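Here's the structure, in structure tokens; my notes come after.
From a predicted model like this one, the values you see are computed outputs, not experimental measurements. Just so it is clear, the values below take in all heavy atoms, side chains as well, and ignore hydrogens, waters and symmetry mates.
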Amino acid sequence: MAEEPHPLKEPAVRLEDVTVAYGDRPALWDVDLEIPKGSLTAVVGPNGAGKTTLMKTMLGLLKPATGRIEILGKPAQGCRGKVAFVPQRGSVDWDYPATVGDLALMGTHGSLPWWKPLGENEKRRARQALELVDLANLADRPINQLSGGQQQRAFLARALSQEAPLLVLDEPFQGIDASTERAILDLFRKLREKGNTLIVVHHDLHTVRDLFDYCVLLNVRVVAAGPTESTMNEENLRATYGPRLGLDLKRPGNSPLDGMWK
């Protein structure tokens, strides 16, 4: 089981009465949420629950219809450079003519004024990020020649080169092999130990207890949020997934709820 996050008074992220709608359809409704600093937090919920919308709203990519968002104690719109984002791998154009090194360097652009060229400091940050994800030897390789796990690590390097205290990741474990998953998780834990906060959209309910110390159960509204051990219980999961719970948790030869709680 993941360790509990250190209790800190000021949350990394705070949302108050946040509603986001696409036309007349709410994607998030009246969301109140605090995510602790220094936590490794999972955001889980069924398809269409608003998980990606929540991430984009935190990042300022979507404007809420109502409500207020704070990042590290300040209004979200004033937190440029404090948040790094790793999108779903399937949403990226991997035919874009860039190398792994180019992708890592892209993460440093936000810290420079538009008129200033990249310097040695930015190149150093990109190199260090590639070393952290074990891709330094592939810096000159075009991104369209990477495996799925390498693609995920390359985009993680872009985020790490920003040196942001808050990382937001949309399903980083999806479609990668077990060894890459272990390597990424090990890196996440090292980042948390250094004081970073990581917020991760995650789809595998069976692994939430093992991987994350804090979790948010979302289905348009926040059903529950808190330390994983106490929050991932049958009552909260049924309130989040309803009749779909059995499908999401089913394993061959077992009850769909086996092993989910004690």
Side-chain angles (χ1 to χ4, degrees), residues 20 22-23 25 27-28 42-43 45 47-63 76-77 79-118 122-164 166-181 183-185 187-188 191 198-204:
V20 179
Y22 298 110
R25 182 179 65 84
L28 296 174
V43 178
N47 291 337
K51 301 185 294 296
T52 297
T53 297
L54 178 65
M55 300 295 102
K56 290 181 176 180
T57 304
M58 288 180 185
L59 293 161
L61 300 176
L62 290 175
K63 185 177 180 181
Q77 59 267 31
C79 289
R80 181 173 177 265
K82 300 293 185 182
V83 187
F85 179 49
V86 179
Q88 289 187 26
R89 190 160 51 87
S91 68
V92 175
D93 178 8
W94 292 104
D95 290 324
Y96 185 81
T99 65
V100 172
D102 293 335
L103 192 60
L105 268 173
M106 288 177 190
T108 68
H109 288 190
S111 61
L112 291 171
W114 64 267
W115 46 265
K116 189 174 181 180
L118 295 174
E122 289 70 39
K123 294 175 183 178
R124 173 193 57 79
R125 285 162 53 186
R127 286 195 302 269
Q128 289 178 341
L130 290 174
E131 289 169 2
L132 283 171
V133 300
D134 197 24
L135 286 181
N137 61 325
L138 300 181
D140 295 326
R141 180 172 295 185
I143 59 173
N144 63 3
Q145 295 180 15
L146 299 177
S147 68
Q150 290 169 339
Q151 288 175 345
Q152 191 64 62
R153 285 186 284 145
F155 249 83
L156 185 54
R158 187 189 71 158
L160 293 175
S161 70
Q162 292 180 234
E163 297 184 342
L166 175 61
L167 281 80
V168 177
L169 306 101
D170 198 352
E171 301 212 24
F173 298 117
Q174 189 172 44
I176 62 175
D177 58 83
S179 63
T180 300
E181 180 175 311
I184 290 176
L185 179 61
L187 176 59
F188 285 178
L191 291 169
L198 298 97
I199 304 173
V200 180
V201 173
H202 191 63
H203 69 281
D204 184 358

Spacing of [X] atom [atom1] and [Y] atom [atom2] [to the nearest 0.5 Å]:
X	Y	atom1	atom2	answer
T108	Q162	OG1	CD	9.0 Å
D102	I143	CG	CD1	8.5 Å
S161	R127	OG	CZ	12.0 Å

Considering only residues two or more places apart or on different chains, which pairs with a residue in residues 166-181 satisfy side chain to side chain donor-acceptor pair (under 3.5 Å)? T52-D170, Q88-D170, E171-Q174, E171-H203, D177-S179, D177-T180
Heavy atoms only: give me the nearest [X]-[Y] pair and the separation to one decimal.
X	Y	result
M106	A98	CE-CB, 4.2 Å
F173	L185	CE2-N, 4.2 Å
V86	A159	CG2-CB, 3.6 Å
A136	E131	CB-CG, 3.9 Å
P87	V92	CG-CG2, 4.0 Å
R125	G107	NH2-O, 4.4 Å

Give the C-alpha distance, both sets of side-chain angles, the deciding distance and a yes or no for side-chain contact (heavy atoms from CB on, under 4.5 Å) between L62 and Y22. CA-CA 10 Å; L62 290 175; Y22 298 110; 3.3 Å; yes
For the side chain to side chain contact (heavy atoms under 4.5 Å, CB included) test, which of V200, V201, L169 pairs with M55? V201
Let me know which of L146, L160, L138, V133 forms a side chain to side chain contact (heavy atoms under 4.5 Å, CB included) with R153. V133
Main-chain N/O of G45 paired to K51 side chain as donor or acceptor, under 3.5 Å: yes
Any side-chain to backbone donor/acceptor pair from R158 onto L103? Under 3.5 Å, distance only. no
Is there side-chain contact between I199 and L54, with heavy atoms separated by less than 4.5 Å? no
Checking N144 now: which residues fulfil side chain to side chain contact (heavy atoms under 4.5 Å, CB included) with it, not counting sequence neighbours? D95, P142
Could I get the full list of side chain to side chain contact (heavy atoms under 4.5 Å, CB included) partners for A126, not counting sequence neighbours? A104, L105
Do other residues, nucleotides or ligands put more than 12 heavy atoms under 6.0 Å from the CG atom of D93? yes
